[in-house]
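Numbers restart at 1 for each chain; the letters A, B, ... are given by sequence-line order, proteins then strands.
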Amino acid sequence: MSPYPSSNGTASSVAPLLEVRRISKRFPGVHALKEVSLRLHAGEVLAVIGENGAGKSTLMKILAGVQEADSGEFLVEGRPERVDSVRTASRLGIALIHQELSLADNLDVGSNLFLGREPRRGVFLDRARQNREAAEALARVGLDCSPETPIALLSQGRQQLVEIARAVNSGARVIIMDEPTSSLSQGETDRLYSVVRDLKSRGVGVIYISHRLGEVTTLADRVTVLRDGQNAGELARGGINHDAMVRLMVGRDLVRHHRPARGQGEPVLDVRSLRTLAHPGREVSFSVAPGEIVGIAGLVGAGRTEVLRAVFGIDAVVGGEIRVAGTRVPTASPREAIEHGLALVPEDRKHQGVFLEMAVGANTTLASLGHRARWGFIRGNTERQRAAELIAQLDVRPPNPDQTAQFLSGGNQQKVVLAKWLALKPRVLLLDEPTRGVDVGAKQEIYRLMEELAERGVAIVFVSSELEEILRMSDRTLVMHEGRISGTLSREELSEEAVMHLATGGPATR
Amino acid sequence: MKKLLGIFGLLVAVFALTSIANPQFVSAYNLQNLIRWTSLFGIISIGAAFVIITGGIDLSIGSTIGLVGSMMAWLLTQKGWGVGPTLAAVMLCSLAIGLAHGLLITKMRLQPFVVTLCGLLLYRGIARFLTDDQSQGFGNSHDTLRQLAIGKLPISGGFALPAPLFILLGIAALAAVFLNLTVAGRHLLALGRNETAARFSGIRTDTLKIVAYVLCSGLAGVGGILFSLDLNSIQPSGLGEFYELYAIAAAVLGGCSLRGGEGTITGVIIGTAVMRVLYNAINILGIPTHLEFAIIGAVILAGVMTDEWVKRFAARRRAARERAEGATA
Amino acid sequence: MKKLLGIFGLLVAVFALTSIANPQFVSAYNLQNLIRWTSLFGIISIGAAFVIITGGIDLSIGSTIGLVGSMMAWLLTQKGWGVGPTLAAVMLCSLAIGLAHGLLITKMRLQPFVVTLCGLLLYRGIARFLTDDQSQGFGNSHDTLRQLAIGKLPISGGFALPAPLFILLGIAALAAVFLNLTVAGRHLLALGRNETAARFSGIRTDTLKIVAYVLCSGLAGVGGILFSLDLNSIQPSGLGEFYELYAIAAAVLGGCSLRGGEGTITGVIIGTAVMRVLYNAINILGIPTHLEFAIIGAVILAGVMTDEWVKRFAARRRAARERAEGATA
Amino acid sequence: PTAGCKQSSEPTAAAKPDGAAPATTGGKKKKIAYVTNGVDPFWNTATAGVRAAEKEFGVECEVLMPPKGIVDQKRMVEGLLARGIDGVAISPIDAKNQVGLIDAIAERCPVITHDSDAPDSKRLCFIGMDNYNAGRAAGRLVKEALPKGGKVMLFVGRLEQLNAQQRRQGVIDEVLGRPVPAAGKLSYDPPGKSLSAGAYTVVDTRTDNFDYSRAKANAQDAMASIPDLDCMVGLFAYNAPQCLEAAREAGKLGRIKIVSFDEANAVLEGIRDGHVHGTISQQPYYYGYHSVRILKGLANGDKSVLPANGFQEVPTVEVRRANVDQFWTDLKKMQAAGQ
Ligand SMILES: Nc1ncnc2c1ncn2[C@@H]1O[C@H](COP(=O)(O)OP(=O)(O)OP(=O)(O)O)[C@@H](O)[C@H]1O
Ligand SMILES: Nc1ncnc2c1ncn2[C@@H]1O[C@H](COP(=O)(O)OP(=O)(O)OP(=O)(O)O)[C@@H](O)[C@H]1O
Ligand SMILES: [Mg+2]
Ligand SMILES: [Mg+2]
C-alpha cells in the first residue's frame with residue numbers, strides 16, 4: 001500500500017474527477033509501475049513529472065485504455081470503472097495526447113482531428129460539418145492551415161499542434177498531455193498555455209507531462225512525481241519550484257555550472273549560401289569553429305530541420321556548398337557526410353533514429369560497424385565491448401545491450417541514438433532537438449556530453465525550440481525565420497527577448 | 001484523381017491505337033465482350049482493393065473462385081439442389097472463407113500473405129475433392145440463371161450492354177460510397193496507413209479488417225458464380241488460377257498502394273479495363289498468343305513508370321513555382 | 001532459433017508419421033529424391049528470403065526460372081553454343097533481371113510487387129517467344145553437365161548424396177555468413193526494419209536493396225539451370241510456374257517476416273524441407289493426388305498457427321514467472 | 001517399336017542399384033499405376049476404363065494426374081517407384097525428352113506408354129493412336145463442313161505438347177491439301193502467320209494455357225477480328241465447348257462451323273443439335289482399359305499380352321450427327337462400368 005499524500009488542490013471536497021489506486025504494470029523485463037496512485041480534480045492542472053523511464057507514459061496509457069494495468073483500482077467520480085479499451089476511456093471522457101505522434105498521414109488535417117469521432121449523418125461522414133468544426137478547433141490552438149491540407153505536408157511541430165487540437169476538441173473531461181511541447185517552440189507553447197487555462201476554466205481536468213520544469217511551474221496546480229515506477233511525492237501549488245521538483249525526481253540536487261564561451265580558430269564546418277527544398281528562395285550561410293557550440297533557434301516551420309537535413313545530405317539541396325575543414329562535401333549523401341566527419345541526431349526519433357525492433361547494442365554500433373570491420377566482417381567481441389562502453393557512457397537504462405529498443409522509454413531511446421553517433425567520433429555533430437522528451441537528469445548528461453565533446457574540439461550545431469536550452473548551451477545563436485537566418489547572437493547579445501524578436505521576423509539587431 | 005491520369009492515358013492510348021489498327025476492335029460485338037470481361041474481372045479486383053487498402057493481401061481469390069464455381073455447378077447438377085439454396089450456400093461459403101481469413105489475421109496475428117497462400121492451396125484442393133476432379137457444367141439447363149453472366153440489355157444500333165456490367169456498376173457504386181462517404185470507409189483508410197494511430201483513436205481496427213477480407217472473398221464468390229455461369233464448363237483444378245494476380249495487378253495499376261491506405265474504386269476499374277483491353281487488342285491484332293505475356297508485362301510496366309514520371313514532374317513543377325514565389329517574397 | 005522450433009517440430013512430425021505409415025519413405029532411393037528436390041527449391045527460396053528481408057517481394061522467380069531454363073536448352077541445342085558461353089549468358093541474363101528490378105524499385109521508387117509482377121509476365125513471354133513455344137530438352141547430350149543436377153556422391157549402404165545438395169549447402173553457407181557476420185548483412189537487416197533510420201545512419205540502402213534483388217534473381221537463375229538439367233525437358237510456358245509462391249511460402253514458414261528485417265537461412269531451408277516432405281509423403285502414402293493441395297494448405301496453416309501458439313505460450317509463461325519473482329521480491 | 005521385345009527379355013523385377021522397393025510379390029493383388037499428363041475430363045473417361053479393367057482383371061490400379069506438368073509427373077513417378085509398384089502406364093508430357101524418366105521406371109518394373117509415345121525409351125509398348133492422323137481426320141471434318149472452302153482458326157491449350165503439335169499439323173496439312181509426310185518427317189508451321197491453299201485459309205492458332213476463360217475470349221476475339229470466320233477447330237477437349245459458347249452468344253450457331261476433339265458432353269450435345277459439325281474421339285476409355293489389361297499380364301510375367309511390334313492401336317472414332325446418339329449411349333455405358 002502507498003501512503004497517499006494529502007493535497008489542498010482545488011475542490012478537494014467533491015469526489016475527484018479521476019482517481020487510480022495502487023496501479024501496477026509489468027512488461028517483459030521491466031516492472032514499469034509499482035502500486036502507483038494518482039488523483040485529478042475537475043478544473044485542475046496536475047503535472048506528472050519524473051525521469052525517463054519513470055513510468056509516466058505507461059501510467060497515462062493505462063488511464064487512456066491503451067494498455068491495461070495488471071492490478072489496481074480505477075475510479076471516475078468515485079465510481080469504480082474497468083477501462084479495457086480506448087473506446088471505454090473516451091466514453092468516460094478521457095483523452096490522451098500521445099508522446100509519439102500518432103496520425104494517419106494519408107488523410108487531411110480535418111480527418112485526423114476527428115478520427116474515431118467523425119461527425120456523421122447515419123453511417124455517412126458529414127464532411128461539411130467536420131471541416132467547419134475542424135477550422136474552429138485549429139484556430140483555438142493557433143494553427144493557420146486549412147482542414148483539407150494533407151497532414152504529411154506539416155512539420156513535426158505543426159502535426160503536434162493538430163494532435164493537441166484533436167484532444168481539446170474531443171470534449172473530454174480529462175485531457176492527458178504527454179510531453180505536448182516537446183516539438184513546439186516558444187510561440188506555440190505560449191499558445192498551448194492559454195488553451196490549457198481555457199480548459200481549466202471550463203472545469204476540465206488536465207494531466208500535463210513535461211520535462212520542461214519551467215512550464216510546470218507556470219501551469220501546474222499540483223505536481224505528482226514518479227521515480228522508478230513509484231510515487232515519489234507530491235507538491236502543492238505553493239511548493240512548486242525547480243529545485244524541489246528536481247530533488248523529488250532524481251533524489252538529489254543537480255549542480256548547474258556555467259562555462260566560459262570558447263571556440264576560436266579556423267571554421268571546421270562552413271555552409272555557404274545553402275538553399276533547401278522547403279525554402280528554395282532563401283539562402284543560409286554560417287560556419288562553426290572546432291569546439292564551438294552553435295544553437296539554431298526559431299519558430300516551428302522556420303526551416304531549421306531542413307537546414308540540418310541538407311547539410312547532412314538527407315535531402316538534395318537547391319543550391320550552395322558545404323565544406324568540412326576546407327574540403328567540399330558532396331551533397332545529398334549521408335554516407336559522404338559521415339565520411340567527412342559529420343553526424344546528425346534527427347528530430348523524429350521513432351522514424352529516423354532508432355531501430356525499434358533491434359537490440360540496443362546493435363543500435364548503438366550500427367553506424368560505426370563499417371569502420372571497425374575487418375574485410376567487411378563484423379568483429380563480434382569488439383562490437384559487444386563497444387556497445388557496453390557506449391551504454392555505460394550514456395547511462396542508458398536498463399543497461400542491457402540485448403533489450404529491444406522499443407521497450408526503452410523515449411529518453412533512453414534518444415540516448416541510444418546519440419550513442420550511435422558518438423561511436424563514430426564525429427568532427428561536426430548536428431543535433432535536431434537533442435533533448436526532446438528527455439528528463440532533467442538525462443538532459444544534464446546530454447549537456448555535459450555536448451560540452452565534453454566541445455572540449456575535445458568537436459564542432460556542435462543544435463536546433464532547439466527550448467529557449468532555456470539555447471540560452472544555457474550556445475556560444476553563438478543563429479535565429480531562423482521563414483527559411484533564412486534573421487540574425488546571429490553572440491553570448492553577450494543573447495536573451496529571450498532578442499531571440500523572440502528575430503524569430504518573429506524582426507530586423508537583425510546589428 | 002490526378003494519380004489516375006497516367007493509367008487513364010494508357011487506357012485511351014491502347015484503345016485508340018488498336019481501333020486504328022483494326023476497326024473491328026470497336027465493333028459492337030467486340031466491345032460487348034470487352035465490357036463483359038472487364039466487368040467480371042472488375043468485380044474481383046474491387047474485392048482485392050479492399051484488402052489492399054487495409055495493407056493486407058489476398059492470394060486465395062483465384063482458388064475461392066474455383067471452389068465457388070465448381071461447388072455451384074456441382075450442387076445444381078450433381079446434387080440437384082434448387083437455384084436459391086445453391087446460391088445461398090456458395091455465397092455463405094465464400095463469406096465464411098473471408099471471415100476465417102480475417103479472424104486468423106486479426107486475432108491470431110498471422111501474416112495475410114501466409115494465411116491466404118494456404119487458402120490458395122486449400123480451397124483449390126477442396127474444390128477438386130468435392131467434385132472428384134470431374135469437370136462440371138450446366139449443359140443447356142439453367143439458361144435463365146446463366147443470363148446473369150451472358151444476358152444482354154439491347155440498346156440502339158445492334159449494341160447491347162452485358163448483364164455483368166450492371167452487377168459491376170452496382171457493386172462499384174456501393175463500394176465507392178462506402179469508401180468515400182461513410183465513417184467506416186474513412187476508418188478503413190486510416191487503419192490502412194497507420195494502424196496504431198487508428199487504434200489509439202478508438203477505431204475497431206480488427207472488425208474493419210475482418211470486414212475487408214469478408215468483402216474480398218464475398219466478391220470473389222460473386223465472381224466465381226458469374227465466371228462459371230459464363231463459361232458453362234468448369235474445371236475444378238483450373239477455374240480462376242492466377243486470377244488473384246490479375247486482380248491485384250489491376251488494383252495496383254489503379255492506384256492502390258500495397259503499403260495500404262490508398263486506392264479508389266474508379267482507379268481499380270480503369271486498371272482492370274487496361275488489362276482486358278490489352279488481352280483483347282493482342283488477339284484482335286492477330287499477334288501470336290505466345291507474345292501476349294511479354295507485351296502485357298511490358299505495357300503495364302511502362303504504364304506504372306510513366307505514372308511515376310508524371311507524379312514527379314508535377315512535384316518538380318510545384319517546387320519550381322514555390323521557388324519563384326520564394327524569390328519574389 | 002526459438003522461432004524455428006514450431007516449424008522444425010512440424011518437419012519431424014510429418015517425417016516420423018510418414019516413415020511409420022510406409023517404411024519405403026525412408027528408403028535410400030526416396031530420401032535421395034527428397035534431398036534433391038529440397039536442394040533445388042531451397043536454392044530459390046534463399047534468394048526469395050533476401051528480398052523478403054529487405055521488406056520487398058519477388059513474384060518473378062518462377063518466370064526467371066522458366067526463362068533461364070528454356071534459354072539454356074535453346075542456346076545449347078538449337079543455337080549450338082558451348083557450355084561455358086551458355087552458362088555465362090543465362091547467369092548474366094538472370095543477374096541483369098535482378099539489377100533491373102533493383103533499379104526500378106530503388107531509383108524509380110516503384111513497388112516491388114508491381115515491378116516483379118510485370119516481370120512474371122514479361123520473362124515468361126520472352127521465354128515463349130525465344131523458343132517459339134517449343135518445349136526444349138537436351139536429349140542424351142550434355143550428360144556431364146547434367147551431373148550438376150542428377151549426379152550423386154555414393155556413400156555407404158547404397159545411399160548417395162545428390163549433387164544439388166552440395167550446391168545448396170555452398171550457397172546456404174555463403175548466405176548465412178553474409179547475413180550474420182558481415183557489415184553489409186547487418187545493414188540489410190537494419191534497412192529491412194527501418195529504411196529511413198538506415199538512410200539517416202549513412203547506410204547505402206539503395207545499393208543493398210539492389211544487391212538483394214540481384215541475389216534473388218541470380219539464385220533463381222541457378223535454380224533454372226538445375227531444374228532444366230534435372231528435368232531434361234523444359235516447357236517455356238510451364239517451367240517454374242508458381243515457384244515464387246513455393247519459395248516465398250518456404251521462406252515465411254522458415255521465419256522470414258514479410259514486414260522485413262527478419263529471417264534466417266536455416267529457417268528457410270527447414271521451411272523448404274517441410275513443403276517437399278509433405279508433397280513426397282502424400283505420394284508415398286498413395287493419397288489421391290487431388291487431395292494434395294488441400295492437405296498441404298491445411299498442414300502449412302496448422303504449422304504457422306501452432307508456431308504462433310508456441311510463441312504466445314512462451315511469452316505468457318515468462319510473464320507469469322516474472323510476476324511470481326516480483327511477488328517474492 | 002522393337003524396343004519393347006528387346007526389353008521384355010530382361011527380368012522385370014531387376015536388381016535395384018540403390019535400394020528401391022522390391023515389387024510386391026505374387027501373393028496379394030498386384031498394384032499398378034496409370035499416370036496421365038495432366039488433369040482433364042479426357043482422363044476421367046480413361047479412368048472409367050481403368051476401373052472397369054480393375055474389376056475384370058482383379059488388380060489394383062492407382063490413377064495419378066499431375067496438376068502442374070512435368071515436375072509433378074516426375075515427382076509422382078518417383079513416389080511410385082519409392083514405395084514399389086508392379087507396373088506403370090504413363091502418358092509422357094514431353095516424350096522426346098522424358099526418355100530418362102521412362103527408362104528409370106523400366107529399371108524397376110514394366111512400363112508402357114499411352115496417349116503419347118516415347119519410342120526411344122525402354123517402354124514395352126504404346127497404347128493409343130497417331131495424333132497426326134487424328135489431326136488429318138479432323139481436317140477431313142473441316143473440309144466436309146466447308147465444302148466451298150473458308151477461313152479456319154485453331155484453338156489449343158499449349159502448343160509445346162507433342163500431341164498438340166501433331167494434331168495441329170495434321171489439321172493444317174489436311175485442310176491445305178498437303179501430302180502425308182514420311183513417318184517422323186513432320187513439318188511445323190510456327191503460329192502467327194496465316195496459311196492458305198486453294199479455297200482454304202488457316203488463319204492462326206490461339207493458345208490459352210488451359211485457362212477456360214482465355215479459351216472463350218480467344219474464340220470471341222477470333223470472331224470479332226475476322227467477321228467472316230467460317231470454322232473453329234478445338235484441338236483440346238475443352239476448346240470446342242468454349243468455341244460453342246462464344247458462337248452461341250454471338251448468335252452465329254450453325255453459321256460458324258465447329259470441329260472438335262474428344263467427347264465433352266457439351267460437344268456431343270452440340271453435334272446432336274447440329275451446332276458442332278463433328279468430333280474426333282480417341283476413345284480414352286480403351287487407353288485405360290488396355291493399359292490395365294497389359295500391365296496385369298506383364299506384372300505376372302506374361303509377355304503374351306504385348307501387342308505385335310509394341311503398338312496397341314486404339315482407333316479414333318469420327319462422331320457426326322449421324323452416329324452421335326449411338327456413340328453417346330456407348331460412352332455412358334462405359335463410364336457407368338467405371339463407377
Ligand atoms: N511496451 C513496452 N514493453 C516493455 N517495456 C515497456 C513498454 N513501454 C514502456 N516500457 C518500460 O516501462 C518503463 C516506463 O516507460 P515510460 O515510457 O512510461 O517512461 P516515461 O516516464 O514515459 O519516460 P519518458 O519521460 O522518457 O517518456 C520504461 O523502463 C520502459 O522501458
Ligand atoms: N515533408 C514535408 N513536405 C513539405 N513541407 C514540409 C515537410 N516537412 C516540413 N515541411 C515544411 O518545411 C518548413 C520547415 O519545416 P521544419 O520541420 O524544418 O521546421 P523546423 O524549424 O525544423 O520546425 P521543427 O521545430 O518542427 O523542427 C515548414 O514550413 C514545414 O511545413
Ligand atoms: Mg513518456
Ligand atoms: Mg525541426
Side-chain angles (χ1 to χ4, degrees), chain A residues 24-31 34 70-71 309 312-315 333-340 342-358 362-363 365-380 383 404-406 417 420-421 423-424 426 432, chain C residues 2-3 53-55 106-107 174 176-208 211 255-263 311-329:
Chain A
S24 294
K25 178 72 178 174
R26 282 181 176 280
F27 292 112
V30 199
H31 197 167
K34 302 174 194 131
D70 298 339
S71 65
R309 285 171 63 108
F312 190 63
I314 299 294
D315 301 331
S333 159
R335 195 171 186 81
E336 286 291 347
I338 291 172
E339 290 310 319
H340 287 76
L342 287 163
L344 169 66
V345 175
E347 76 180 326
D348 183 344
R349 183 190 309 135
K350 198 163 103 195
H351 294 109
Q352 307 166 338
V354 279
F355 295 82
L356 288 169
E357 302 90 349
M358 285 172 69
N363 262 287
T365 53
L366 192 65
S368 50
L369 272 181
H371 298 248
R372 312 186 174 282
R374 201 198 285 115
W375 305 312
F377 281 90
I378 298 170
R379 293 148 86 185
E383 187 195 359
T404 318
Q406 68 188 343
V417 179
K420 179 172 73 184
W421 291 115
L424 270 171
D432 197 348
Chain C
K2 267 229 194 58
K3 303 195 62 210
I53 285 175
T54 66
T106 54
K107 302 306 176 191
L174 288 177
V177 169
F178 173 73
L179 212 50
N180 303 320
L181 303 185
T182 70
V183 175
R186 173 70 61 83
H187 286 178
L188 201 69
L189 288 163
L191 99 84
R193 290 290 191 191
N194 181 346
E195 193 175 347
T196 329
R199 209 157 45 81
F200 272 76
S201 311
I203 293 176
R204 285 209 202 80
T205 49
D206 286 1
T207 320
L208 276 171
V211 169
C256 292
S257 159
L258 291 161
R259 288 176 221 93
E262 259 176 79
K311 281 202 207 102
R312 292 200 183 178
F313 181 70
R316 221 178 293 108
R317 275 266 310 287
R318 194 150 114 258
R321 207 180 323 107
E322 276 163 8
R323 198 156 302 128
E325 288 163 4
T328 60

Could you tell me which residues satisfy ring-ring contact (aromatic ring centres under 6.0 Å, His included) with A:F312, sequence neighbours excluded, listed by chain and number?
A:W421
Mind checking whether A:S368 and A:L424 have side chains closer than 4.5 Å, heavy atoms only?
yes
Find the one option among A:L356, A:V354, A:I314 whose heavy-atom pairs under 4.5 Å with chain C are most numerous.
A:I314
With sequence neighbours excluded, residues passing side-chain contact (heavy atoms from CB on, under 4.5 Å) with C:D206:
C:T106, C:K107, C:R109
Quick check on A:R379 against chain C: is it the side chain, the backbone, both or neither that has a heavy atom closer than 4.5 Å?
neither
Non-hydrogen atoms of chain C under 4.5 Å away: do they reach the side chain of A:V417, the backbone, both or neither?
neither
Evaluate the side-chain proximity of A:N363 to A:K420: yes if any heavy-atom separation is below 4.5 Å, no if none is.
no
Tell me, do C:F200 and A:R309 make a side-chain contact under 4.5 Å, heavy atoms counted?
yes
Checking heavy atoms, do the side chain of A:K350, its backbone, both or neither come under 4.5 Å from chain C?
backbone
If you count heavy-atom pairs within less than 4.5 Å of chain A, which of C:R204, C:E262, C:R199 leads?
C:R204
So for A:A343, is it side chain, backbone, both, or neither that comes closer than 4.5 Å to the heavy atoms of chain C?
neither
Answer whether the closest heavy-atom distance between the side chains of C:L181 and A:I378 falls below 4.5 Å.
no
Tell me, side chain or backbone of A:I338 under 4.5 Å from chain C's heavy atoms, or both, or neither?
side chain
